[in-house]
Amino acid sequence: MSGSEILDETYERLRRTGPEFGGDEEGNNGLTNHGPMAAEVIVRRNLDLDVHSWIDAYLPRLVELPSPSAPITDEDWKVALGNAKRIADWTEYFTRQVTELPWRDVLTTWWPRLLPGIVAGATHGVIRVGHAVRTLLAGNESQAAQIELAHGLAFWAGRSRLVPGLSTPTGEFDATSALDAVPHLADQSGVLASRIPRLATVPGWSESVAAIRRPVDDHDVPARLAELVDAASIRYLNSAHGSPVLLLHTATAPNAVLHTLPVLPSELWQPSFAAVWGASAAIVAMYAPATAADDAALPAAPADSATDANPVAEVLQRTAENSDEHMLKFADTAVEAYERTGNPDTLRAALRAEQLVGH
């Protein structure tokens with residue numbers, strides 16, 4: 001059975017599951033359904049991990065997607081944006097969209113509409129879309145893969161949330177310096193939804209968002225996004241103890257955008273960079289710790305690539321053995337950062353995730 005066939009079966013098995021589970025009556029502080037995203041990584045990376053066995057173990061944690069309540073239309077969608085209680089309605093809407101229209105057209109139409117709320121679901125909306133796009137761009141444009149894209153867009157739309165005080169990048173900081181310059185919430189308590197409004201009161205917040213270097217032009221955006229992914233991956237190594245799961249997304253969200261760029265018109269590239277940088281900065285402000293971890297507590301780098309050992313293979317093997325859904329996604333991103341930079345701290349960051357969020 002091919003990888004595409006395995007993924008299609010996985011998408012079908014997960015189609016009736018909701019994008020979140022647990023949390024309060026509004027769904028806040030719940031957990032995200034990582035099934036489709038993790039499966040895509042397992043298949044694309046050809047990990048030594050049986051996808052269907054992994055799904056068998058994961059499915060009991062999930063809840064069923066609720067029944068739709070009222071149709072969303074092209075005329076009234078703005079009213080439903082950001083209403084998590086209407087995720088089933090959004091799922092029905094986007095499933096109809098990708099059935100009736102080319103998936104690329106649907107994505108191009110909705111991407112700029114959803115960008116302002118990119119922090120949706122702690123950025124899981126855009127991340128799920130990014131994984132679905134990778135499947136589609138790899139040549140699997142099956143109905144199952146297109147409906148998975150619809151589910152990602154629906155989650156993003158239903159959880160859409162604006163971040164206050166965002167500023168267009170106009171500064172000179174590289175990604176590392178910009179991440180270091182983000183001020184933190186004095187009170188890092190409460191669920192994500194309660195923290196976001198408090199960013200408006202943080203001194204220097206808007207200025208820090210503006211401080212990152214703006215891409216020179218549209219064609220410079222992929223390089224700037226890659227720089228952000230690399231810097232955030234490395235930063236996770238010393239800051240993950242602040243919030244081991246949330247801080248993963250400072251790297252995985254821009255990586256999702258990076259891999260979606262080929263589908264998007266180039267005029268959407270700079271707004272995409274600004275939006276996902278703002279989301280990553282917001283997560284840093286809301287969850288990053290005041291002090292870095294003691295280096296003695298951090299994992300050593302895997303085997304040196306100058307030897308016969310393959311450090312990437314080691315990390316991916318450990319990821320497969322661990323099989324945690326968060327580590328699967330982050331290790332995938334960290335390995336890409338290592339392949340660009342050769343910096344072993346990117347792989348150490350993946351192993352740090354194994355320490356903190358792995359099984």
Side-chain angles (χ1 to χ4, degrees), residues 2-8 10-12 14-15 19 32-45 51 90-91 93-95 97-115 117-160 218 221-222 225-226 228-229 249 251-273 275-276 279-280 325 328-330 332-333 335-337:
S2 70
S4 293
E5 290 171 327
I6 293 171
L7 263 184
D8 284 351
T10 301
Y11 291 152
E12 290 291 348
L14 293 166
R15 183 183 294 191
T32 297
N33 176 356
H34 285 69
M37 299 177 277
E40 189 273 333
V41 172
I42 294 169
V43 171
R44 177 166 44 79
R45 288 286 181 183
V51 175
W90 279 112
T91 303
Y93 173 81
F94 280 115
T95 298
Q97 287 282 295
V98 299
T99 301
E100 298 174 352
L101 300 168
W103 69 266
R104 292 170 183 262
D105 292 352
V106 176
L107 184 64
T108 299
T109 296
W110 278 90
W111 187 267
R113 295 176 178 177
L114 297 177
L115 267 183
I118 198 171
V119 78
T123 71
H124 280 114
V126 69
I127 294 170
R128 186 165 177 176
V129 166
H131 282 278
V133 168
R134 293 185 105 176
T135 295
L136 293 160
L137 289 181
N140 179 6
E141 295 188 285
S142 65
Q143 181 186 54
Q146 294 188 48
I147 291 176
E148 168 54 23
L149 173 63
H151 278 249
L153 290 168
F155 185 27
W156 189 350
R159 274 293 178 192
S160 179
D218 296 339
V221 172
L225 275 172
L228 176 56
V229 173
H249 305 132
T252 55
N255 202 38
V257 174
L258 176 61
H259 287 288
T260 307
L261 289 184
V263 184
L264 303 173
S266 59
E267 60 265 24
L268 293 179
W269 289 12
Q270 292 206 53
S272 299
F273 171 80
V276 78
S280 292
E325 62 270 28
L328 283 163
K329 289 166 49 214
F330 183 65
D332 180 50
T333 293
V335 162
E336 287 189 0

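Source: prediction; values computed, not measured.
In the displayed structure, Q143 atom CD is contacted under 6.0 Å by at most 12 heavy atoms of other residues, nucleotides or ligands.
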For a side-chain hydrogen bond (donor to acceptor under 3.5 Å, both in side chains) check, start with the C-alpha distance between T135 and Y11, then their side-chain angles and the critical distance, and finish with the verdict. CA-CA 11 Å; T135 295; Y11 291 152; 2.9 Å; yes
I'd like to know whether I118 forms a side chain to side chain contact (heavy atoms under 4.5 Å, CB included) with L115, so could you lay out the CA-CA distance, the side-chain angles of the two residues, the decisive distance to 0.1 Å, and finally the verdict. CA-CA 5 Å; I118 198 171; L115 267 183; 4.0 Å; yes
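A 4.5 Å side-chain heavy-atom check between P265 and T108 finds at least one atom pair inside the cut-off. Proximity of V263 to W103: side-chain heavy atoms (C-beta onward) are separated by under 4.5 Å at one or more points. The shortest distance between side-chain heavy atoms of E40 and M37 does not fall below 4.5 Å. Side chains of T260 and L107 form a contact here, defined as non-hydrogen atoms less than 4.5 Å apart. P254 has its side chain within reach of S280: a pair of non-hydrogen atoms, C-beta onward, lies under 4.5 Å apart.
Of the options T252, N255, V276, a side-chain contact (heavy atoms from CB on, under 4.5 Å) to V229 is made by N255 and by none of the others.
Contact between L137 and H259 at its shortest, heavy atoms only, is CD1-O, 3.8 Å. Of all heavy-atom pairs between Q146 and L136, the closest is CG-CD2, 3.8 Å. The minimum heavy-atom distance between V41 and L328, with the atom names listed, is CG1-O, 3.5 Å. The shortest heavy-atom contact between P222 and L261 is CG-CD1, 3.9 Å. Scanning all heavy atoms of the two residues, the minimum distance from A132 to E148 falls at CB-CG, 4.0 Å. Looking at every heavy atom in both residues, V129 comes nearest to G152 through CG2-C, 3.5 Å.
At distances below 3.5 Å, at least one donor-acceptor pair connects side-chain atoms of R45 with backbone N or O atoms of D332. When atom types are taken as modelled, the side chain of S272 and the backbone of L268 share a donor-acceptor pair closer than 3.5 angstrom. Under the 3.5 Å distance criterion, the side-chain polar atoms of E100 are left unmatched by any main-chain donor or acceptor of Q97.
For the atom pair T95 OG1 and L149 CG, the distance stands at 9.5 Å (nearest 0.5 Å). Put simply, CG on D8 and CD1 on I147 are 10.0 Å apart, with the number rounded to the nearest 0.5 Å.
Aromatic ring orientation, W90 versus Y93: perpendicular (interplanar angle above 60°, classes split at 30° and 60°).
Pairs of residues two or more places apart, or lying in two chains, that qualify as ring-ring contact (aromatic ring centres under 6.0 Å, His included) and include a residue from residues 119-158 are H34-H124, W111-W156, H124-H249.
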